2 protein chains.
Amino acid sequence: MARQYNWKTGCDVEATLTVIGGRWKPILICRLLSGKKRFGELCRLAPNATERMITLQLRELEADGVIKRTVHAEVPPRVEYEVTEYGRSLQPIIMAMQSWGKDFKTRKYAEEEAAEAADSEHEDTNRKAANG
Amino acid sequence: MARQYNWKTGCDVEATLTVIGGRWKPILICRLLSGKKRFGELCRLAPNATERMITLQLRELEADGVIKRTVHAEVPPRVEYEVTEYGRSLQPIIMAMQSWGKDFKTRKYAEEEAAEAADSEHEDTNRKAANG
DNA sequence: TCCAATACTTACAAAAATGTAGGTACTTGC
DNA sequence: GCAAGTACCTACATTTTTGTAAGTATTGGA
């Protein structure tokens, strides 16, 4: 997300992308929208992301005022992340993405099933042809 | 967007990102939501993107069934892009992004103004101090 | 014959994002 | 003394994305 973007003339959609355009950012925001989480929890909730990526993306979100980081002076350390009030204004976007994605997954899954079914039917035909 | 993603177990938000996660995709979809456009028009409407990027992202959107590409057999060639019915289901996401971005821009702009005002006040103070 | 116009494509180069492997700090409990 | 536990950080390597510059096809018109 290193973009030369003009706040006066730039496109609205592009502006949003400067904040949530990172690969893991929408996912992390989504996780935090349902409540405060510790670093380790976030890692477990985003298993495809590495710890390093999660750290980096959280830092950027923090810098943009979307989330808040709280360090508890304990040993072993405990760090909690939560969305700020401002960050919560992203909720409609994240929710829309979640809802669309759910539907998309169902579609994709159905497609795969259909493809497999077609495949095995094809195998049947081949077998019959070989036998005939 | 080259991700090993599991359609059964994967996160909903992440699923959406496999489709609209490209840097220019949300912008292109946004442009097309307001109506059919020619390639050249899209280039003019997304001036920060190169022609190559626009081509590539359009191809991916087409492959995902979000947009439709129509080639008219003319010389010089004319190619039109439009969102499919399915693509239109992304509208809530794009609109939410647009709305949030608009607000964010206003905020950012105000911040910059404030920073500049503070700066020139600082200069005044310095001048006074130097004079006193 | 050469140019203009459009929507690309291709090879190559640069930049950005992401991943890997290791290390750090601190204190409690064995 | 040593391992465990947490939330990182750092250097480095690799992958992915994006950009640059040039070339392609077609045909009507100067």
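Throughout, protein chains are lettered first and strands after them, A, B, ... in sequence-line order, and every chain is numbered starting at 1. Values in this document were obtained by computation on a predicted structure and should not be read as measured data.
Looking at B:Glu60 and B:Lys25, a side-chain N of the basic residue comes within less than 4.0 Å of a carboxylate O on the acidic one, giving a salt bridge.
When rounded to the nearest whole Å, the span between CD of B:Glu74 and P of C:dC8 equals 13 Å. The distance from atom CG of A:Leu56 to atom P of C:dA16 is 15 Å, rounded to the nearest whole Å. The nearest whole Å value for the distance from the CZ atom in A:Arg52 to the C1' atom in D:dT15 is 13 Å. Counting to the nearest Å, the C1' atom of D:dT18 and the CG atom of B:Asn48 are 13 Å from each other. Rounded to a whole Å, the CD1 atom of A:Ile54 is 11 Å from the P atom of D:dC8. Computed from coordinates, the A:Leu28 CG to C:dT18 P distance equals 11 Å when rounded to whole Å. C:dC8 atom P lies 12 Å from atom CD of B:Glu80, rounded to whole Å. Put simply, NZ on A:Lys37 is 18 Å from C1' on D:dT6, counting in whole angstrom units.
The aromatic rings of A:Trp7 and B:Phe104 sit perpendicular to each other, their planes meeting at more than 60°, with 30° as the lower class boundary.
The minimum heavy-atom distance between A:Gly101 and B:Ala15, with the atom names listed, is O-CB, 3.9 Å.
Pairs engaging residues 87-100 of chain A under the side-chain hydrogen bond (donor to acceptor under 3.5 Å, both in side chains) rule: A:Ser89-B:Trp100, A:Trp100-B:Ser89 [sequence neighbours left out].
With sequence neighbours excluded, no residue forms a side-chain hydrogen bond (donor to acceptor under 3.5 Å, both in side chains) with B:Arg52. In this view, B:Trp24 satisfies the ring pair (Phe, Tyr, Trp, His ring centres under 6.0 Å) rule with no residue, not counting sequence neighbours. The side-chain hydrogen bond (donor to acceptor under 3.5 Å, both in side chains) test applied to B:Asp12 returns A:Lys105, not counting sequence neighbours.
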- Task: Mark up nucleotides 2-7 of chain C, 5' to 3', with B wherever a protein heavy atom is under 4.0 angstrom from a base atom, S wherever such an atom reaches only the sugar-phosphate, and - elsewhere.
- Result: ---BBS
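For the pair A:Arg107 and B:Tyr86, the cation sits on the ring face: its NZ or CZ lies under 6.0 Å from the ring centre, inside 45° of the axis.
The environment of A:Glu74 atom CD is dense: over 12 non-hydrogen atoms of other residues, nucleotides or ligands sit within 6.0 angstrom.
In this structure, B:Gln57 reaches the sugar-phosphate backbone alone: every heavy-atom distance under 4.0 Å involves primed, P, OP1 or OP2 atoms, never a base.
The phosphate of C:dG19 (OP1 or OP2) has a side-chain N or O of A:Thr50 nearer than 4.0 angstrom.
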- Starting at the 5' end of DNA chain C, what dot-bracket string do you get if Watson-Crick and G-U pairs under 3.5 Å are bracketed, crossing pairs use [ ], other-strand pairs use | and unpaired bases use dots? ||||||||||||||||||||||||||||||
